[in-house]
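Everything numeric here is computed off the predicted structure, so don't read it as measured data. Chain A is the first sequence line, chain B the second, and so forth, proteins listed ahead of strands; every chain is numbered from 1.
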Number of protein chains: 2
Amino acid sequence: MDENEAFTSKRRRAPSQKRSRERVEAILEAATGLIAETGSDAMRMSEVAERAGISIGSLYQYFPDKSAIIRTLAERYNADGRQCIESALDEVRDMAGLREAFGGLIDTYYGLFLAGPVMRDIWSGMQADKSLREVELLESRANGELLAAVLKRLKPGADPEMLARSAFLIMSLGESTMRLAISVDPDEGAALVETYKRMVLRELAEI
Amino acid sequence: MDENEAFTSKRRRAPSQKRSRERVEAILEAATGLIAETGSDAMRMSEVAERAGISIGSLYQYFPDKSAIIRTLAERYNADGRQCIESALDEVRDMAGLREAFGGLIDTYYGLFLAGPVMRDIWSGMQADKSLREVELLESRANGELLAAVLKRLKPGADPEMLARSAFLIMSLGESTMRLAISVDPDEGAALVETYKRMVLRELAEI
DNA sequence: GTTGAACATGAGTAGTCCTCACATTTGCAA
DNA sequence: TTGCAAATGTGAGGACTACTCATGTTCAAC
């Protein structure tokens with residue numbers, strides 16, 4: 001989850017700190033704009049460099065390859081999402097609270113999804129890249145663990161392994177649902193998210 | 001759903017029928033082999049042509065681009081899957097029958113998924129290509145309609161639109177679950193599919 | 001002021017999908 | 001059978017893009 005992970009392996013690291021941080025930000029900002037405008041697939045490394053005001057060569061000093069830029073952005077968005085899940089879940093005290101919190105959580109999360117063209121683009125295309133798929137998998141696991149922790153507290157009798165699996169699947173399918181929802185028209189998308197929510201709430205009740 | 005759709009728009013069509021059918025088959029077979037060996041991403045058009053025993057130029061007479069080959073393969077696999085769903089569902093007479101049929105269906109479908117390295121590869125990378133995503137969406141819709149038809153028969157009182165949406169989501173999330181399942185270790189994958197099955201059966205019961 | 005290491009540069013490399021001008025084959029009328 | 005136009009096959013090369021590397025520049029420390 002270290003954001004500098006992107007260049008720990010291959011690239012020169014920790015240069016004259018401040019300037020390099022600025023440059024990394026400039027790169028990410030440029031990439032964000034380009035992805036919002038044209039999609040990550042059509043984003044060209046030369047354009048990123050130009051918009052960030054640096055040369056291609058420098059660009060490759062800060063990120064080892066194109067997918068590292070996208071991965072860094074994905075990880076930032078994921079961190080936002082995780083925080084939103086965490087804060088929604090951590091004051092849950094009973095099943096009724098969980099139902100309410102989860103319902104609100106889905107809406108908030110879906111809102112994040114809808115709001116960010118960059119997030120939408122990255123998540124739609126995510127399966128293309130193995131390293132991005134791994135990021136997504138880890139994210140679902142982390143989110144699943146947050147949910148599982150609450151469930152264990154609320155259902156001390158249940159098989160913990162089963163709870164963990166359900167929680168993981170629920171979180172992972174939540175993201176699948178949102179990806180599906182943004183690829184159909186908005187009304188249907190919203191209805192699908194509601195359907196997912198209903199399904200999960202039923203599962204949570206009877207788990 | 002016309003398999004020749006791939007070249008109705010751009011390419012010369014309906015040549016001296018027999019030979020061209022053989023060539024199309026040779027191309028698809030070559031592509032299948034290469035995808036199984038190296039993955040669709042690493043599959044090179046030059047390799048496909050070579051293995052099919054034709055030149056690159058000819059290859060492009062039969063398929064307008066690389067993604068058309070993959071799409072054609074995906075459509076074939078989808079047709080298999082749909083048939084399997086159709087035959088599992090069409091003799092369902094009551095809810096108990098549906099539960100049984102659906103349970104078996106998921107296992108069969110997951111078996112198809114596990115068995116074919118080509119299918120696995122194509123489905124993992126599917127999100128990369130917009131046209132493939134559309135194929136997948138249409139497929140989920142078709143499968144959803146098969147399920148919705150049964151549900152309408154069994155639950156004449158329920159809101160048909162809601163049934164349709166649930167059915168669509170169930171089918172779509174089924175594919176998501178299987179994609180997830182094949183990207184973790186086999187034991188966990190199987191357990192996740194079971195969890196999905198349990199969730200859906202509960203939903204079907206109380207819908 | 002000198003030096004040398006960190007950093008920046010962008011023309012060039014490698015590797016891909018796909019095209020197109022030309023060669024070959026095929027169907028068929030004379 | 002033969003001639004010939006249309007259908008089909010060919011593969012070197014075009015166009016494009018992620019990424020590299022030899023060369024130039026900056027700058028901190030002495």
Side-chain angles (χ1 to χ4, degrees), chain A residues 4 6-28 30-31 34-35 37-73 125 128-132, chain B residues 4 6-27 30-31 34-35 38-73 125 128-132:
Chain A
N4 292 344
F7 50 122
T8 44
S9 53
K10 288 189 163 188
R11 293 285 138 182
R12 212 173 305 175
R13 91 173 89 172
S16 33
Q17 294 295 358
K18 179 157 177 197
R19 170 144 159 189
S20 88
R21 274 221 174 272
E22 283 168 9
R23 258 159 151 60
V24 166
E25 286 312 312
I27 291 167
L28 292 176
L34 286 166
I35 291 173
E37 286 162 28
T38 64
S40 57
D41 221 56
M43 175 185 92
R44 306 294 165 216
M45 291 301 268
S46 53
E47 291 176 321
V48 175
E50 191 185 7
R51 193 174 287 205
I54 61 176
S55 68
I56 297 262
S58 288
L59 178 53
Y60 278 91
Q61 295 227 336
Y62 291 99
F63 292 92
D65 53 32
K66 181 176 174 178
S67 114
I69 296 179
I70 296 170
R71 216 180 319 135
T72 303
L73 288 176
D129 187 297
K130 207 169 188 177
S131 70
L132 274 175
Chain B
N4 291 342
F7 50 118
T8 45
S9 52
K10 289 189 164 190
R11 292 284 138 184
R12 214 173 303 177
R13 90 174 89 171
S16 33
Q17 295 295 355
K18 180 156 176 196
R19 171 143 157 191
S20 86
R21 275 218 174 275
E22 284 168 8
R23 256 156 152 63
V24 166
E25 286 312 312
I27 291 168
L34 287 167
I35 290 173
T38 64
S40 56
D41 221 56
M43 175 185 93
R44 305 294 165 216
M45 291 301 267
S46 55
E47 289 176 323
V48 175
E50 190 185 10
R51 193 176 287 205
I54 62 177
S55 67
I56 296 261
S58 287
L59 178 54
Y60 278 91
Q61 296 229 332
Y62 291 100
F63 293 92
D65 53 32
K66 181 176 174 179
S67 114
I69 296 179
I70 296 169
R71 215 179 320 138
T72 302
L73 289 176
D129 187 299
K130 205 169 188 181
S131 70
L132 274 175

(request) Round to the nearest Å and state the distance from Ile27(B) atom CD1 to dC17(C) atom P. (result)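 Atom-to-atom, Ile27(B) to dC17(C), this comes out as 15 Å.
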(request) Check the distance between dT19(C)'s P and Tyr62(B)'s OH and give it to me in whole angstrom. (result)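 It is 17 Å, rounded to the nearest whole Å.
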So, for [X] and [Y], which heavy atoms are closest and what is the spacing to 0.1 Å?
X: Ala42(B); Y: Glu47(B); value: O-OE1, 3.9 Å
X: Ile27(A); Y: Ile69(A); value: CG2-CD1, 4.0 Å
X: Leu73(B); Y: Ala31(B); value: CD1-CB, 4.2 Å

Dump every N/O contact between nucleotides 9-14 of chain C and the protein below 3.5 Å, one line per pair.
from: dT9(C); atom 1: OP2; to: Ser55(A); atom 2: N; distance (Å): 3.0
from: dT9(C); atom 1: OP2; to: Ser55(A); atom 2: OG; distance (Å): 3.2
from: dT9(C); atom 1: OP2; to: Ser58(A); atom 2: OG; distance (Å): 3.2
from: dT9(C); atom 1: O5'; to: Ser55(A); atom 2: OG; distance (Å): 3.4
from: dG10(C); atom 1: N7; to: Gly57(A); atom 2: N; distance (Å): 3.4

(message) I want to check something: taking the side chain as every heavy atom from C-beta on, are Ile70(A) and Asp129(A) in contact at a cut-off of under 4.5 Å?
(response) no
(request) State, with a plain yes or no, whether a side-chain heavy atom of Asp65(B) is found less than 4.5 Å away from one of Arg71(B). (result)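 Result yes, sub-4.5 Å side-chain heavy-atom pair found.
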(message) Please determine whether a side-chain nitrogen or oxygen atom of Tyr60(B) lies at a distance below 4.0 Å from atom OP1 or OP2 of dT10(D).
(response) no
(request) Using salt bridge (charged side-chain N to carboxylate O under 4.0 Å, His left out) as the criterion, list what pairs up with Arg51(A), not counting sequence neighbours. (result)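 Residues passing salt bridge (charged side-chain N to carboxylate O under 4.0 Å, His left out) with Arg51(A): Glu37(A).
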(request) Would you please test Tyr62(A) and Leu28(A) for side-chain contact (heavy atoms from CB on, under 4.5 Å) and show each step? (result) CA-CA 10 Å; Tyr62(A) 291 99; Leu28(A) 292 176; over 6 Å; no
(message) Give the residues of residues 39-52 of chain A touching DNA chain D, defined as any heavy atom closer than 4.0 Å, sorted by residue number.
(response) Met43(A), Arg44(A), Met45(A)
